[in-house]
Amino acid sequence: MPELPEVETIVRGLNSRVIGWEVEKIIFLSGHLQDKHPENEKILNYFKGQKISAVRRRGKMIIVEFDHELRWLIHLKMTGQLYLARRTEATDKHVHVRVIFKKQAQELRFRDVRKFGFWFCLKGAELEKKVCASLGPEPLTLNYQDFLRLWKKYPARQAKSFLLDQKIMAGIGNIYSDEILFRAGIRPDRRVRTLKVGELKKLYRMMKQVLREAIALKGSSISDYVDSSGERGQFQEKHRVYGKEGATCQRCKKGIIRRQKIAGRSSYFCPVCQK
DNA sequence: AGCCCATCCTGTCCGC
DNA sequence: TGCGGACAGGATGGGC
C-alpha cells in the first residue's frame, strides 16, 4: 500500500506529535506478529516507561527510536496503517497492535487487513545492518552522478523494474513508478541501457518531482491508505496513468491508457507518448 | 542477471 | 443473491 510519500507523511505526522510520549502498555491483539517474531513477546516489557525519541523512515520502512538501543522496525506492506486514535475509539478485528501512552488520550494503532506487514523489535546495530543490507539509496537525496552509476550497473533491467527494486533505490512502488515513467515519457518495459542522456535526466528529474509533489499532497489514497491522523491523501487526484486503463491520455490526447503486466505488476502507460 | 510465478492474507468488485 | 475468479499500494524465494 504505502510507498515513500505515504510513509514519509505518516512519519512526519507522528514526529510532530509523539516525541517524548512515554509507553505505558503495548497490546498485541492477534498472534501473527508474535508468531513471526517471538522476541516481540519476550521484550515487550522492556518498553514500559520508555519515551519515543524519534520516528524515522528508510525506504518504505518505519523506525521508531527510544532512549535505549531497542527500536521498532515497522513495514506496512500492502494494507498496513499506523495512526493515532483516541483510546476510547472502537477497534475492529484488523487492529493488531495498540500502544498506550502515559497521560495521553491518544494511542498508536497498527491496523493491517492482509497481515503482510510486520512490526518487530531490534537493537539499533542489528536494525541498521538489516536495513542497509536490503535497501538501496533514498531517491530524494540521490545525486545525479550516483543515479548514473545505478543506470550503468543495471543495463538489462526494464525501466519499471529498475525503479521498483528496493535494492537499487528504496521507496518507489507500483503507483509512483508508473507516474514517474509517464511524466518522463518512458515506457515501463524500456531496457535501461537504451535510455538516452536526455531521457535519463528527465527520469531523474521526474522521480524527484513526483515524489516531492506526492509528499506535499500527503500521499495517494486509493483504498486503505490514511496518514497518522487517519486522514486520506490527495495525490490520487494528480495520477495521470495509474488505474486509468481505457482513458484518453491527458498529455497527447491520442493514446488510450493501457494496462499490462510488467515487472510482475499491473502497469499503466500511454502507448503513444511514452517511448 | 533478470523475469515470471506462487506465496503470505483478506476484502472487493465484476460477470454470469 | 450467490459464486467463482481476478485483482489489490509489497517482498521473497524458486525455477528457468
Side-chain angles (χ1 to χ4, degrees), chain A residues 1-10 29-37 57-62 73-83 92-96 110-120 130-131 133-136 139 150-182 187-194 210-211 214-215 217-227 232-246 259-268:
Chain A
M1 166 180 96
E3 306 179 28
L4 187 155
E6 290 76 33
V7 178
E8 179 66 23
T9 302
I10 289 169
L29 293 158
S30 54
H32 76 282
L33 291 171
Q34 294 98 307
D35 295 346
K36 284 182 201 162
H37 303 283
R57 176 189 66 75
R58 181 70 176 86
K60 298 171 195 169
M61 300 207 196
I62 298 167
L73 183 63
I74 299 167
H75 198 307
L76 302 173
K77 295 285 180 85
M78 296 281 266
T79 54
Q81 301 170 325
L82 192 64
Y83 59 95
D92 64 18
K93 61 176 177 176
H94 303 302
V95 175
H96 306 305
F110 176 68
R111 183 172 180 275
D112 185 11
V113 170
R114 291 175 73 181
K115 298 183 182 169
F116 290 169
F118 60 70
W119 173 318
F120 57 95
K130 187 184 178 70
V131 163
S134 61
L135 298 182
L150 292 174
W151 163 68
K152 277 185 192 152
K153 198 171 167 188
Y154 299 97
R157 288 293 189 98
Q158 296 183 128
K160 169 122 180 180
S161 150
F162 178 76
L163 292 178
L164 272 182
D165 193 326
Q166 305 299 297
K167 289 191 296 296
I168 300 176
M169 284 180 287
I172 298 169
N174 204 33
I175 293 178
Y176 295 103
S177 57
D178 281 4
E179 294 299 323
I180 290 165
L181 288 166
F182 173 77
R187 282 177 62 109
D189 55 359
R190 268 286 287 287
R191 294 287 161 183
V192 163
R193 73 159 67 84
T194 70
V210 167
L211 295 174
I215 291 169
L217 292 181
K218 298 177 182 274
S220 303
S221 291
I222 301 290
S223 57
D224 301 278
Y225 169 70
V226 290
D227 71 11
R232 289 168 60 83
Q234 298 302 316
F235 193 73
Q236 66 279 5
E237 289 161 25
K238 305 284 182 185
H239 291 177
R240 297 289 176 258
V241 283
Y242 184 83
K244 303 206 180 291
E245 183 183 21
R259 178 170 73 163
Q260 195 179 317
K261 205 162 194 179
I262 297 165
R265 317 290 298 277
S266 269
S267 304
Y268 301 86

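So you know, we letter chains A, B, ... as the sequences are listed, proteins then strands, and number each from 1.
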Query raised in the report: If you write DNA chain C from 5' to 3' in dot-bracket form, with Watson-Crick or G-U pairs under 3.5 Å, [ ] for crossing pairs and | for pairs with another strand, what do you get?
Result: .|||||||.|||||||
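- Closest approach of Ser134(A) to Lys167(A), counting heavy atoms only: O-CG, 3.5 Å.
- Nucleic acid contact for Asp224(A): base, since at least one base atom lies under 4.0 Å from a heavy atom of the residue.
- The C1' atoms of dG2(C) and dC9(B) are separated by 23 Å, rounded to the nearest whole Å.
- If you check the side chains of Tyr154(A) and Ser161(A), you find no donor sitting under 3.5 Å from an acceptor.
- Nucleic acid contact class of Ser220(A) (heavy atoms, under 4.0 Å, all strands): base.
- When the P atom is compared between dG5(C) and dA6(B), the two are found 14 Å apart, to the nearest whole Å.
- Closest contact between the side chain of Lys77(A) and the listed nucleotides dG2(B), dG10(C), dC7(C) involves dG10(C).
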Requested in this report: Report, as a single string ordered 5' to 3', how protein heavy atoms within less than 4.0 Å touch nucleotides 7-14 of chain B: B base, S sugar-phosphate only, - not at all.
Outcome: -BBBS---
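- Residue His75(A) places no side-chain N or O under 4.0 Å from the OP1 or OP2 atom of dG10(C).
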Show the distances under 3.5 angstrom between N or O atoms of the protein and N or O atoms of nucleotides 3-5 of chain B.
{"residue": "dC3(B)", "atom": "OP1", "partner": "Gln158(A)", "partner atom": "N", "Å": "3.0"}
{"residue": "dC3(B)", "atom": "OP1", "partner": "Arg191(A)", "partner atom": "NH1", "Å": "3.3"}
{"residue": "dC3(B)", "atom": "OP2", "partner": "Ser161(A)", "partner atom": "OG", "Å": "3.3"}

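- In this structure, Tyr176(A) reaches neither bases nor backbone, as no heavy-atom distance under 4.0 Å exists between it and the strands shown.
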